[in-house]
Amino acid sequence: DVARSTVAYEQDILDGLHWLGIDWDEGPEVAGQPARGPYGPYRQMQRLEHYDAAAKKLLAQDKAYYCYCTREELDADRQAQEAAHQPPHYVGRCARLSAADRAAKEAAGVKAVVRFRVGEELVKFDDIVRGQVEIDTTALGGDLIIVRSDGTPLYHFTVCVDDAEMEITHVIRGEDHLSNTPKHILLFRAMGATVPQFAHLPLILNPDRTKMSKRKSQTAVADYRAQGYIPEAFVNFLALLGWSSGTEEEIFSLSELGERFTLERVQSGGAVFDKERLEWLNGQWIRKLSDDELTERAMPFLASAVAARGAAGEAVRTPTADDLAPLMPMVRERMSTLAGVGDMLDFLFVDDLRVEPSMLVPKKWDRATTLAALTAARQVIADVGEVSFEADELEAPLRQLAEERGWKVGDLFMSIRVAVTGKTATPPLFDTLVALGYERTLARLDAARAALEA
RNA sequence: GCCCCCAUCGUCUAGAGGCCUAGGACGCCACCCUUUCAAGGUGGAGAUCAGGGGUUCGAAUCCCCUUGGGGGCACCA
């Protein structure tokens with residue numbers, strides 16, 4: 001459909017498949033690779049002559065005919081049918097036009113569509129996931145239009161012409177096409193082509209169990225990518241919607257899926273897209289990545305989180321992969337999406353961190369205690385000194401400080417944590433301090449003390 | 001309205017007549033670990049297998065009906 005298709009949509013689809021790691025032996029070009037396969041071209045707009053030839057052939061055999069009904073006539077038919085509680089269908093007004101009738105319409109300049117004769121029969125087929133399916137062709141809505149009045153072909157027709165010419169053996173698609181299948185079978189038979197095997201997959205559902213839609217759910221692969229989901233997890237998650245291995249394993253890579261997936265084990269009931277489960281799987285797969293791999297993938301998310309704070313008016317330093325790589329061990333099991341690095345580490349790249357004074361005070365403490373604690377902690381850390389500024393060296397003296405003053409370690413550590421990061425949930429404190437560095441740790445403690453005194 | 005499909009914990013599912021007093025996973029709740037948050041570990045709540053009839057010695061599993069849900073019926077794909 002020329003009006004609805006754009007190169008941008010096409011690119012989205014190809015990019016999505018490529019990102020997921022899905023490749024093909026035959027089909028259009030992707031990611032710089034040329035199109036491959038003996039039956040190209042693989043774009044319908046470039047195959048118009050094929051559809052045209054197929055339509056002419058059906059016309060010549062009287063398996064299809066020209067129809068001159070106007071939209072007004074068809075609308076009127078439909079309204080009458082609705083009023084009579086009948087299913088919408090084409091009444092067949094032009095099914096038996098004489099040559100003279102046709103000539104008259106043509107002379108009057110009426111543009112014709114091409115309709116395929118549907119006839120009356122019970123079409124049966126053996127669907128790989130659903131088994132035997134039977135549909136009466138009288139329920140199909142009458143003779144169907146295969147070519148528009150402007151000469152362009154319609155979907156049901158194009159897919160059959162393509163599948164026939166490309167010698168497609170298996171048509172695997174969503175359940176929403178199940179009722180359309182008899183139309184396709186009729187078309188294949190009329191063209192003298194072998195009818196392929198069909199497998200109708202369960203639909204992916206919105207939480208309200210309706211067919212997943214843009215309106216109610218996030219449906220673009222690119223959006224999940226942008227939110228920090230990784231393809232390993234996404235593919236795994238999708239595969240588990242309607243399919244299971246039959247064992248209790250559920251973490252599968254694409255290549256494992258390639259070996260183990262069978263249509264026979266696909267379920268027929270629809271499956272709700274459960275984002276929490278996706279998130280869990282994403283965390284599982286993130287934990288499998290190497291530090292380098294994870295650093296590379298997470299880098300853009302850190303950069304944009306920092307940039308966002310910069311845009312909000314804070315003074316920031318742009319992070320580099322060298323900054324991020326050593327931090328990976330302390331954040332990897334804390335992130336369920338790549339975007340998590342932003343929330344956990346952005347504070348490291350803010351130069352003028354300002355913390356709400358009220359936030360600095362731990363729940364069971366008051367302002368004075370907090371000020372005293374931060375002052376004492378600053379002294380202890382300064383005493384450790386720049387040379388020994390390491391996680392192992394910091395922990396013992398700070399614990400000792402808490403004990404001497406009768407403070408709960410958790411409270412003391414929390415006050416330092418907030419003073420230095422502006423957050424209550426962070427990676428382990430001492431690693432965080434080290435990542436921040438000696439100078440900046442002291443500076444932030446001083447800034448926090450000043451804020452409390454103000 | 002007509003046609004088609006579907007039906008096991010909230011969700012994803014295992015289950016192809018006895019192994020099921022229905023198993024696993026996500027989520028949830030406890031507890032352990034623990035400086036916060038996670039991760040991890042242990043345990044728990046959670047499904048009279050939509051309901052009703054059959055068939056059978058025996059049914060979540062087979063058949064029928066009902067109910068519920070979904071999808072399809074375009075000069076969209």
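Just the heavy atoms: all of them, side chains too, but no hydrogens, waters or symmetry mates, feed the values below.
Side-chain to base pairing of A:R399 with B:U35: no donor and acceptor N or O lie closer than 3.5 Å to each other. Taking only distance into account, the side chain of A:R334 meets the base of B:C37 through a donor-acceptor pair shorter than 3.5 Å. The base of B:G70 does not come close enough to the side chain of A:T210 for any donor and acceptor atom to sit less than 3.5 Å apart. Between the side chain of A:S149 and the base of B:C75 there is at least one donor-acceptor pair of N/O atoms closer than 3.5 Å. At a cut-off of 3.5 angstrom, counting only N and O atoms as typed in the model, there is a donor on one side and an acceptor on the other between the side-chain of A:R277 and the base of B:A25.
Counting non-hydrogen atoms of neighbouring residues, nucleotides and ligands closer than 6.0 angstrom, the CD atom of A:E249 exceeds 12 such neighbours. Atom OH of A:Y438 is surrounded by more than 12 heavy atoms from other residues, nucleotides or ligands within 6.0 Å. For A:E165, the CD atom counts as densely surrounded, since its 6.0 Å shell holds more than 12 non-hydrogen atoms of other residues, nucleotides or ligands. Enclosure of atom CD in A:E333 by more than 12 non-hydrogen atoms of other residues, nucleotides or ligands within 6.0 angstrom is indicated.
Side-chain rings of A:Y224 and A:F234 approach one another, their centers coming within less than 6.0 Å. For A:H177 and A:Y155, the ring centers sit closer than 6.0 Å to each other.
Within the 4.0 angstrom heavy-atom criterion, base atoms lie near A:P427. Using a 4.0 Å heavy-atom cutoff across all strands shown, A:F430 reaches at least one base atom of the nucleic acid. Backbone-only contact: A:R287 has heavy atoms under 4.0 Å from sugar-phosphate atoms and none from a base. Here A:E249 lies out of heavy-atom contact (under 4.0 Å) with every strand. When heavy atoms are screened at a 4.0 angstrom cut-off, A:L203 is found touching the sugar-phosphate backbone but no base atom. Contacts of A:H156 with the nucleic acid, taken as non-hydrogen atoms under 4.0 Å apart, include base atoms. A:R265 comes within contact range of the sugar-phosphate backbone alone, with a heavy-atom separation under 4.0 Å but no base atom that close. Among the atoms of the strands shown, none is found under 4.0 Å from any heavy atom of A:Q81. In this structure, A:V113 reaches the bases: a heavy-atom distance under 4.0 Å links it to at least one base atom across the strands shown.
Between B:C3 and B:U11, the distance separating the two P atoms is 29 Å to the nearest Å. Nucleotides B:C64 and B:C5 place their P atoms 12 Å apart, quoted to the nearest Å. For the C1' atom pair drawn from B:U8 and B:U13, the interatomic distance equals 9 Å after rounding to whole Å. When the P atom is compared between B:U61 and B:G44, the two are found 28 Å apart, to the nearest whole Å. Rounded to whole Å, the P atom of B:G17 lies 22 Å from the corresponding atom of B:G24. Between B:C6 and B:U42, the distance separating the two C1' atoms is 38 Å to the nearest Å. Spacing of C1' atoms, B:U66 relative to B:G27, comes out at 34 Å, to the nearest Å.
Here the C1' atom of nucleotide B:U34 and the CD atom of A:E395 are 11 Å apart, to the nearest Å. If you measure from atom CD1 of A:I128 to atom P of B:C5, you get 17 Å, rounded to the nearest angstrom.
A sub-4.0 Å separation between OP1 or OP2 of B:A14 and a side-chain N or O of A:S244 is present. Remark: A:Q267 is not in phosphate contact with B:A7, judged by side-chain N or O atoms under 4.0 Å from OP1 or OP2. OP1 or OP2 of B:G72 has at least one side-chain nitrogen or oxygen of A:K211 nearer than 4.0 Å. Within the 4.0 Å cut-off from OP1 or OP2 of B:C2, not a single side-chain nitrogen or oxygen of A:R78 is found. Taking 4.0 angstrom as the limit, A:R209 places a side-chain polar atom (N or O) nearer than this to OP1 or OP2 of B:C12. A sub-4.0 Å separation between OP1 or OP2 of B:G1 and a side-chain N or O of A:Q79 is absent.
The partner of B:G1 is B:C73, judged by Watson-Crick or G-U wobble contacts that both fall below 3.5 Å. Base pairing of B:A45 is not made with any nucleotide, judged by Watson-Crick or G-U wobble geometry with both donor-acceptor distances under 3.5 Å.
Residue A:I135 is the one, among A:I135 and A:H177, whose nearest nucleotide of RNA chain B lies closer to the 5' end (criterion: closest heavy atom). Both A:G270 and A:L74 lie near RNA chain B, and the one whose nearest nucleotide falls closer to the 5' end is A:G270.
A:T152 and A:R148 are linked by a side-chain donor-acceptor pair at a separation below 3.5 angstrom, with hydrogens and angles left out of the test.
Set against B:C26, B:C75, B:G70, the side chain of A:D274 has B:C26 as its closest nucleotide. When the nucleotides B:U35, B:G71, B:A77 are ranked by their closest atom to the side chain of A:L154, B:A77 comes out on top.
When side chains are defined from C-beta on, A:T370 does not count as touching A:R367, because their heavy atoms never get closer than 4.5 Å.
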